[in-house]
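Following: one structure in structure tokens, then a few remarks.
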Amino acid sequence: MKKHNFYAGPSILSEYTIRNTAEAVLNFAGTGLSLLEVSHRGKEFVAVNDEARALVKELLDVPDTHEVVFLGGGASMQFCMAPYNLLEKKASYLDTGTWSSKAIKEAKLFGEVVVVASSKDKNYTYIPKDYAVAPDSEYFHITTNNTIYGTQIKNIPQVGVPLVADMSSDIFSRPVDVSKYNLIYAGAQKNLAPAGVTIAIVRKDALGKVSRPLPSMINYQTHIDNDSMFNTPPVLPIFSALQTLKWYKEQGGIPVLQKKNEEKAAILYDEIDRNRLFRGTTAVEDRSLMNVCYVMNDEYRDLEEPFSEYAKKQGIVGIKGHRSVGGFRASLYNAMPISSVEVLVEAMKSFEKSI
């Protein structure tokens, strides 16, 4: 039976990415060696690294003022690495969920952190709208998509200071004006590659302005100067990322992906709103296109487990909600086909009819 993979991360990858990565694990670039055992300094992998970074720039229209690097440590490493490099005195943060709150905690180790607004009062089910960012902030940090609670910043704020953004769960899903950001970072395991590499897009002239000494591995400049090869990079995830980026280009680029994502989300949200068994958990205007969170209506709460089992029989996996929210979460990343969303919707309809 075909599986319909709605896991939030690590998550679905395109068949193109999986097939090409599997082939390279057996025989990489005609070398007769596995991708898992080649030198990262060899010309074959250097070409992979260079092409992957170039494709990120092409797909996101990254200006010459910025550089793309691949890093280890996951997006969580960026929670400290970003302020380590960019925060001298004061930064502002928007608290919209678990990951932004973790970023806030780390940033407080390096300077004054102003939390301009938070949606914690309603369990992070909306994006705060009315707030002001201090003009003397060195940057304003946002988490563009809230993976756990299913909210997304639809309109990037105009605040008069440079932006820093965690885009781990919605990068490449919609166009981005990179020029507004001093830093964009994203863990790979949702819209790019297997876990193990993080992408960072860094404004070059934002670096070198803090007075603290920076350890080499924590300094963005180190990785820019060494083309992401200061230390041995995560070879397999970078190769997989290249395959995904090629696939994105073949699909028609970011605008085409955005349109497909909007179509997929609309199909599922429409059914949630129509179906008497279910209800969404987030403010309608802030609903994420990547992570759709919903629960059983109170009078049907005892049917949550039966529906989960019913969905599994249809080949649907990964829809269990995060433990802090409960209910269901269907992640609709770029590689998710519309046909799988339609299978989930049909399961919701048929289960409703059986009640």
Side-chain angles (χ1 to χ4, degrees), residues 1-22 145-150 152 168-173 187-195 240 243-244 247-248 250-251 256-275 277-282 287-296 300 303-323 325-355:
M1 176 187 293
K2 175 179 171 58
K3 297 295 184 182
H4 305 279
N5 181 4
F6 290 91
Y7 279 111
S11 55
I12 188 170
L13 292 169
S14 72
E15 291 183 9
Y16 179 97
T17 297
I18 293 171
R19 182 177 63 254
N20 288 345
T21 302
N145 188 75
N146 186 347
T147 319
I148 291 176
Y149 299 92
Q152 186 175 32
S168 291
S169 54
D170 65 353
I171 195 168
F172 301 113
S173 71
Q189 65 273 18
K190 303 178 191 301
N191 250 348
L192 188 60
S240 294
Q243 308 317 304
T244 299
W247 185 70
Y248 286 168
E250 286 184 5
Q251 297 300 298
V256 172
L257 293 169
Q258 180 186 31
K259 185 174 185 241
K260 289 181 178 179
N261 290 330
E262 289 170 348
E263 291 173 357
K264 289 182 292 187
I267 290 170
L268 183 50
Y269 281 122
D270 284 350
E271 177 58 21
I272 291 169
D273 293 339
R274 184 210 64 78
N275 196 307
L277 304 182
F278 304 96
R279 63 177 172 83
T281 56
T282 63
R287 284 174 163 178
S288 170
L289 299 183
M290 296 286 95
N291 309 102
V292 178
C293 294
Y294 59 107
V295 296
M296 288 284 188
Y300 301 111
L303 296 176
E304 184 174 303
E305 189 58 34
F307 174 71
S308 294
E309 291 302 315
Y310 181 80
K312 284 181 184 177
K313 292 177 181 178
Q314 320 306 313
I316 297 166
V317 298
I319 62 168
K320 184 178 180 180
H322 191 272
R323 60 185 177 274
V325 179
F328 308 100
R329 173 176 55 176
S331 296
L332 312 181
Y333 300 123
N334 288 342
M336 170 62 64
I338 289 178
S339 58
S340 288
V341 181
E342 291 171 340
V343 168
L344 174 57
V345 166
E346 183 55 39
M348 293 165 68
K349 289 179 177 178
S350 58
F351 188 77
E352 179 193 24
K353 291 177 182 177
S354 72
I355 302 305

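Nothing fancy with the numbering, it's 1 onward along the sequence.
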Side chain to side chain contact (heavy atoms under 4.5 Å, CB included) for I316 and K3? Distances and angles first, verdict last.
CA-CA 6 Å; I316 297 166; K3 297 295 184 182; over 6 Å; no
Between [X] and [Y], is any pair of side-chain heavy atoms under 4.5 Å apart?
X    : Y    : result
L13  : P194 : yes
S173 : M290 : yes
Q152 : N146 : no
R279 : M296 : no
S11  : S331 : no
E352 : R274 : yes

Look up atom [atom1] in [X] and atom [atom2] in [Y], then write down how far apart they are to the nearest 0.5 Å.
X    : Y    : atom1 : atom2 : value
Y248 : L257 : OH    : CG    : 6.5 Å
F6   : L332 : CZ    : CG    : 6.5 Å
L277 : I272 : CG    : CD1   : 12.0 Å
I319 : S308 : CD1   : OG    : 5.5 Å
K264 : N334 : NZ    : CG    : 6.0 Å
Y16  : Q251 : OH    : CD    : 10.5 Å

Sidechain-backbone polar pair: N145 side chain, D170 backbone, donor-acceptor under 3.5 Å
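Between the backbone of D170 and the side chain of N145 there is no qualifying donor-acceptor contact (under 3.5 Å).
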Looking only at heavy atoms, which two atoms of [X] and [Y] are closest? And how far apart?
X    : Y    : result
S240 : A193 : CB-CB, 4.1 Å
N191 : S169 : ND2-O, 4.2 Å
A195 : P10  : CB-CG, 4.5 Å

Just jot down the side chain to side chain donor-acceptor pair (under 3.5 Å) partners of N5, sequence neighbours excluded, or say none.
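Partners of N5 under the side chain to side chain donor-acceptor pair (under 3.5 Å) test: none.
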Got a sec, which residues hit side chain to side chain donor-acceptor pair (under 3.5 Å) with R19, two or more places apart in sequence or on another chain?
none
Pairs involving residues 310-320, ordered by first then second residue, that meet salt bridge (Lys or Arg N to Asp or Glu O under 4.0 Å) (sequence neighbours left out)
E309-K312
Among T17, L192, I18, the one residue meeting side-chain contact (heavy atoms from CB on, under 4.5 Å) with Q243
T17
Quick one: sort the F328 and F278 rings into parallel, tilted or perpendicular, breaks at 30° and 60°.
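The arrangement is perpendicular - the two ring planes meet at more than 60°.
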Run the side chain to side chain contact (heavy atoms under 4.5 Å, CB included) test on R329 and T147 for me, step by step, so that the C-alpha distance in whole Å, both residues' side-chain angles and the decisive distance to 0.1 Å come before the verdict.
CA-CA 9 Å; R329 173 176 55 176; T147 319; 4.0 Å; yes
Please tabulate, for side-chain N and O atoms in residues 336-346, each donor-acceptor pair with protein atoms closer than 3.5 Å (sequence neighbours left out).
from	atom 1	to	atom 2	distance (Å)
S340	OG	H4	ND1	2.8

Residues pairing under ring-ring contact (aromatic ring centres under 6.0 Å, His included) where one sits in residues 329-355, two or more places apart or in two chains, turn out to be F307-F351, Y310-F351
Side chain to side chain contact (heavy atoms under 4.5 Å, CB included) evaluation trace for W247 with E15:
CA-CA 10 Å; W247 185 70; E15 291 183 9; over 6 Å; no
Can you list the residues that meet the salt bridge (Lys or Arg N to Asp or Glu O under 4.0 Å) rule with D273, with sequence neighbours excluded?
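For D273, the residues satisfying salt bridge (Lys or Arg N to Asp or Glu O under 4.0 Å) (neighbours in sequence not counted) are R287.
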